[in-house]
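Order of the sequence lines sets the chain letters (A, B, ...), proteins ahead of strands, with each chain counted from 1.
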Amino acid sequence: MTLEVKNGRFGYGDTQLFEDISFTAEKGDLIAILGPNGAGKTTLLRCITGMLKWKSGGSFIDGVPIKKLSARELWKKLAYVPQAKGTASSATVFETVLLGRNSHIGTFSQPKKEDTDKVSEILERLKISHLADKSCRRISGGELQMSLIARALAAQPQILILDEPESNLDFRNQLIVLETLSQLSAEGITCIFNTHYPEHALGRANKSLILGKDGKGVFGDTARVVTEEGIERAFGVKALISEAETKSRVFRTVTPVSLSDGADTQNERKPCGIAVVSVIANGFSQADRINAILHKYGKYTIGRMGIPYRKGGVSIANVINVTLEAPDEEIASLVGELSAIKGVAVKATCAE
Amino acid sequence: MSKKDGRAKRLAVRPYAAVLLIVLPIAAALASLCIGRISYPIGEILNAIADRFSGEEISGTAVVIWNIRMPRILLALLCGAGLSVAGCAFQSLFSNPLATPDTLGVASGTSFGAALAMLWGFGMIGIQVTAFAMGIAAVALTWLAASGKSGRNGLGSVVLAGIMIGSLFSALVSLVKFAADTETQLPAITYWLMGSLSGAGYEQLRLGAPIIIAGIAVLYALRWKLNILPLGDDEAVSLGTNIKLLRTVTVICATAVTASCVSMCGQVGWVGLLIPHICRMAFGSDHRAILPASVSIGAAFMALVDTAARSISAAQIPISVLTAIIGAPFFIILMRKSGGHSL
C-alpha cells in the first residue's frame with residue numbers, strides 16, 4: 001500500500017505554513033518528518049491524514065484521494081498515534097486499546113471475542129500485557145505511548161502515523177518506541193513519525209522529510225537529506241554529524257555546535273575514494289531489501305562478495321562485502337540505508 | 001494472574017454483578033410497594049399483583065397499590081434511571097466529573113416552563129408539556145449560543161453557554177414567582193421546584209415514559225461508543241468515528257430524558273451526579289458497565305428515597321432535600337473509601 005502526498009500546501013488564514021510538500025511512502029518504509037518547533041510538523045500530519053484539509057494538493061492511498069474514502073475505510077488502512085501528553089483518560093489500558101477496534105465494529109454493536117482476542121495479541125506483541133488492567137493515568141509516559149501505539153495497531157492498519165512518539169520519553173523508552181517502529185516497518189507496516197531529534201532519523205528511518213522554517217520540505221533517503229547542511233537549513237544550527245562505533249555497527253550522532261549566522265556554507269564536493277562496506281545480516285529475511293539497496297549503488301560498485309555463514313548445515317547469517325569507488329556522501333548514504341534495516345550490522349572502511 | 005482471571009476481567013460486567021444489577025431495582029420496587037404510611041406484608045403485594053393479572057375482583061389494598069403506589073414507584077424508577085444515565089453521558093461528553101444533567105440548562109428551562117404553566121393555571125398535563133418544551137428550548141438556545149465553535153475546545157464554550165442560559169432561566173423562574181399569586185400559586189411553584197413525585201399518575205407516565213425509555217435505549221445501544229466521548233477530537237476521528245454526530249446524539253438523548261424527568265417530578269438534584277460516580281467507583285470507566293449500572297442503581301436509589309420521602313412523616317418531604325441529605329454523606333464516605341474517581 002502506497003501513501004502519496006502531492007504538492008501539499010497549507011496555512012492558517014494568510015500565513016503560509018508549508019507549500020509544495022510531496023513524498024511517497026511505500027510498504028515497509030520508515031519515514032521521519034523532521035523540523036524545528038513551530039515548523040508545523042503536527043499540522044502536516046493532520047493534513048496528511050485528512051483531519052485538516054490541504055489548501056491545495058492532496059493525499060492519496062494507492063492513487064485514491066483520501067477524501068474519497070469513508071472514515072471507516074480510511075481508518076482501517078491508516079492509524080494515528082497522537083502525542084501522549086494530551087491523553088489521560090482513566091480507562092484501563094485494555095479498554096483504551098480496544099477502542100482501536102472501533103472502525104471494525106458497527107455503530108450499535110459491541111466488541112466481540114475476536115476483538116478482545118486481537119487486543120490481547122497486540123498487548124502481548126508489544127510486551128505490555130501486564131498493563132492491561134491498569135488505568136492510563138497510573139502508568140508512565142513510556143507505557144502510555146506504547147498503549148497508544150497498541151491502540152493504533154488494533155485497527156490492523158497498513159500505515160501508522162505517529163506524532164512525536166518519543167519526544168517526552170527517557171533514553172530507554174525512546175529506544176523501546178523506536179525499536180518498535182523498526183520492528184513494525186520490517187513487518188511491512190509503513191511508519192511515518194514526527195520528531196525534532198535528527199539522530200532518531202539517522203540510522204533508523206530509511207527516508208526523511210525535513211521541514212524548514214521557510215515552509216519547504218526536502219524529502220529523500222535519510223542519509224542524503226539529514227546532513228549537516230540539511231540540519232543547518234531547517235534548524236538554523238551548525239551541527240556536526242559524527243560517528244560512534246560498536247563492534248557491529250556505526251552510530252551517527254548529531255552534536256549541535258552553534259547557532260547558524262545565516263551565511264551559506266559552501267561545502268566543496270569531496271573527491272571519490274575507495275571504500276569497503278561490510279554487511280552482516282542475521283538470517284535471510286531481509287536479503288531482497290539489501291540487494292535492492294546495493295543495486296541502487298551499482299554504478300559505484302567495483303566488486304562484491306557474498307558468503308552465507310552456515311552452522312550445522314543451516315544458513316544463519318548473510319555476510320556481504322562490497323567495494324565501491326564513490327564520493328564520501330554516497331558511501332554514508334549507503335551505510336545509512338543499510339543500517340536502517342533491522343538485524344543488519346554495517347560498517348564502511350574508507351581509504352586514506 | 002491465571003488465564004481465567006484475565007478473561008473474567010475482559011468482560012465489562014461480571015455475571016454476578018449483572019444479576020445483582022437486574023435484581024436491585026426489582027427488589028427496591030417491591031420494598032417500596034410494601035412500605036408507606038400503611039405497610040403491607042410482601043405476600044399481600046404479590047397477591048394484589050396476581051389478582052390484577054388473573055382478573056379477579058380487586059380488593060381495597062390492590063386499589064391503593066395499583067392506583068397510588070404503583071405509578072409513583074414507576075415514575076421514581078424511570079426518573080432515577082433517566083437522570084443517572086443523562087448525568088453519566090454528560091460527564092463523559094464534557095470529560096468533567098462535575099457535569100450534571102443540568103449542565104446545558106435543561107432543568108432550569110424545564111422549571112421555568114412548569115412555573116409559567118402554573119402561573120397560567122394549566123392542568124397537570126399542560127404543565128408537563130410546557131415544562132418539557134421549555135427544557136428542550138433552553139438546550140437549543142445553549143447549543144445556538146455556542147454554535148460556530150466546534151471540537152473539544154468548543155465544548156468548553158458549550159458548558160459556559162449552558163451556565164449562562166441556566167442562570168437566565170433561573171432568573172425567569174424568580175420573575176414568575178414574583179408575579180405569582182402568593183396564596184395559591186407561589187407555594188405550588190415552590191413545592192414543585194423542590195421536586196416531588198406525588199403528582200404521579202398513569203396519564204403523565206403515558207406521555208413522559210416513552211421519551212425516557214427511548215433516550216435510555218439509544219444511549220444503551222451506543223454504550224461502547226460512549227467510551228470515545230472523553231477523547232480529544234483528533235483521537236476520536238482517527239478511531240474512525242463521526243465524533244460530531246456521536247456528541248450530538250448524546251446531547252439530544254440526554255436532554256430529552258432529563259427534560260421529561262424534570263417535567264414529571266420537578267428538580268431532583270444529586271441523582272445525576274451521585275449515581276454515575278458511584279457506578280464509576282464500582283465498575284471503572286467502561287460505559288458497557290457504567291451505563292447499565294447507572295440505570296439499575298439510579299432506579300433503585302430513587303425508588304427507595306421516594307419511599308422514605310412519603311413514609312418518614314405525615315407531610316411528604318421534598319425529594320431533593322432527601323437526595324442531598326442521604327446522598328452527600330454517602331458520597332463522601334464512598335469517595336474517601338475508594339480514593340475518589342476522576343474521569
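Of the inter-residue distances, the one linking B:Ser238 atom OG with A:Asp163 atom CG reads 11.0 Å to the nearest 0.5 angstrom.
More than 12 heavy atoms of other residues, nucleotides or ligands lie within 6.0 Å of CZ in A:Phe60, so this atom counts as buried by the packing criterion. By the 6.0 Å contact criterion, CD on A:Glu124 is open, its count of non-hydrogen atoms from other residues, nucleotides or ligands being 12 or less.
In this structure the side chain of A:Pro111 reaches within 4.5 angstrom of the side chain of B:Arg288, judged on heavy atoms. The closest side-chain heavy-atom distance from A:Leu98 to B:Trp224 is below 4.5 Å. B:Leu231 has its side chain within reach of A:Leu99: a pair of non-hydrogen atoms, C-beta onward, lies under 4.5 Å apart. The shortest side-chain heavy-atom distance between B:Asp233 and A:Met51 does not fall under the 4.5 Å cut-off.
Considering only heavy-atom pairs separated by less than 4.5 Å from chain B, the leading option among A:Lys76, A:Arg72, A:Arg46 is A:Arg46. Heavy-atom pairs under 4.5 Å with chain A were tallied for B:Asn242, B:Asp234, B:Leu222; the largest tally goes to B:Asp234.
Between B:Ser285 and A:Ala91, the shortest heavy-atom contact is OG-CA, 3.0 Å. Nearest heavy-atom pair, A:Gly100 versus B:Leu239, reported as atom, atom and distance to 0.1 Å: CA-CD2, 3.9 Å. Shortest non-hydrogen contact noted between B:Glu235 and A:Pro82 is CG-CG, 3.4 Å. Summarising the geometry of A:Ile105 relative to B:Lys225, their closest heavy-atom pair is O-NZ, 3.1 Å, with the distance given to 0.1 Å. Residues B:Gly240 and A:Trp75 come closest through the heavy atom pair CA-CD1, 3.6 Å.
Within the 4.5 angstrom heavy-atom criterion, no atom of A:Thr49 approaches chain B.
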